[in-house]
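Okay, structure first, notes after.
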Amino acid sequence: MRIITLTLLSFASLCLFMPPDASAQGVRYKWRDAEGNLHYSDSLPANAGKFGYDVISAQGVLMKRVEPAKSAEELAIANAAAAKQRSAQLEAEARARSDQQLLAGYPTETDLVQSHRQQLEMLQQTINSAQLGLQSQERSLADQLGVAADYERDGKPVPAKVSNEIGEMRTMIEGQHGVIARRKADLDKARARFATELDHYRALRNR
């Protein structure tokens, strides 16, 4: 009796771990073969994952759909699309955070406009300072050119030191013109950026 009992217990344990049969669960599989022929069966062929299949109930209701396995090219395309979608999602989240910071940092439109004005004034001050420096350099160059002209009127060669200083000053003046041009361009870009930001701020406030 003990041996019989142990045998029955072992068989029951095996039954617990055996995968259930599809037909016993009242489900069937719907799939197509390589030629496109439709099949209904209680079990799947070994290559079913290649073509995909449906799990349906005894009443014919779709319970689960398993898509066909993708090729390497299809996987690459799918991965690229997923990466693009993820990038777009991250950009949208970043914009949302930026919008929240903009609204939190400037409770009113007046606050934002005042901030823009202060930043533009600072940029304009750097331009004014650079222009003053340019004027000083140009006066120094004019003085050195006058010295060189005096030597030439007297029929004397211009000393190398004076010539070198004139060349260096011209180089500095040219560079200063470039600095001023870049700072003016920065000022124009800031004005355009602030105008866009103000429009965006107004749109956010009106939502």
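Throughout, numbering of the chain's residues begins at 1 and tracks the sequence.
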Filter on ring pair (Phe, Tyr, Trp, His ring centres under 6.0 Å), then keep only pairs touching residues 113-164, sequence neighbours left out; what's left? His116-Phe194
Given a cutoff of under 4.5 Å between side-chain heavy atoms of I, L, V, M, F, W and Y, with clusters grown through shared members, what are the other residues clustered with Leu132? none
With Glu138, which residues qualify under side-chain hydrogen bond (donor to acceptor under 3.5 Å, both in side chains), at least two apart? none
Contacts under 3.5 angstrom, residues 168-188 side chains, donor-acceptor by atom type, not counting sequence neighbours:
unit_1	atom_1	unit_2	atom_2	d
Thr171	OG1	Gly167	O	3.0
Gln176	NE2	Ala130	O	2.9
Arg183	NH1	Thr126	O	3.2

Just jot down the side chain to side chain contact (heavy atoms under 4.5 Å, CB included) partners of Val66, sequence neighbours excluded, or say none. Tyr53, Lys64
For Met122, the hydrophobic cluster (side chain heavy atoms closer than 4.5 Å, chained through members) also holds none
Suppose we screen for side-chain hydrogen bond (donor to acceptor under 3.5 Å, both in side chains). Which residues come up paired with Asp33, at least two apart in sequence or across chains? Asn37, His39
Can you list the residues that meet the side-chain hydrogen bond (donor to acceptor under 3.5 Å, both in side chains) rule with Glu93, with sequence neighbours excluded? Gln89
Can you list the residues that meet the side chain to side chain contact (heavy atoms under 4.5 Å, CB included) rule with Pro68, with sequence neighbours excluded? none
Would you list the pairs meeting side chain to side chain donor-acceptor pair (under 3.5 Å) in which at least one residue belongs to residues 94-110, sequence neighbours left out? Asp99-His200, Tyr106-Ser115, Thr108-Asp111, Glu109-Arg202
Among residues two or more places apart or on two chains, list those pairs meeting ring pair (Phe, Tyr, Trp, His ring centres under 6.0 Å) that have a residue in residues 73-103. none
Mind checking what makes side-chain hydrogen bond (donor to acceptor under 3.5 Å, both in side chains) contact with Asp54, not counting sequence neighbours? Arg65
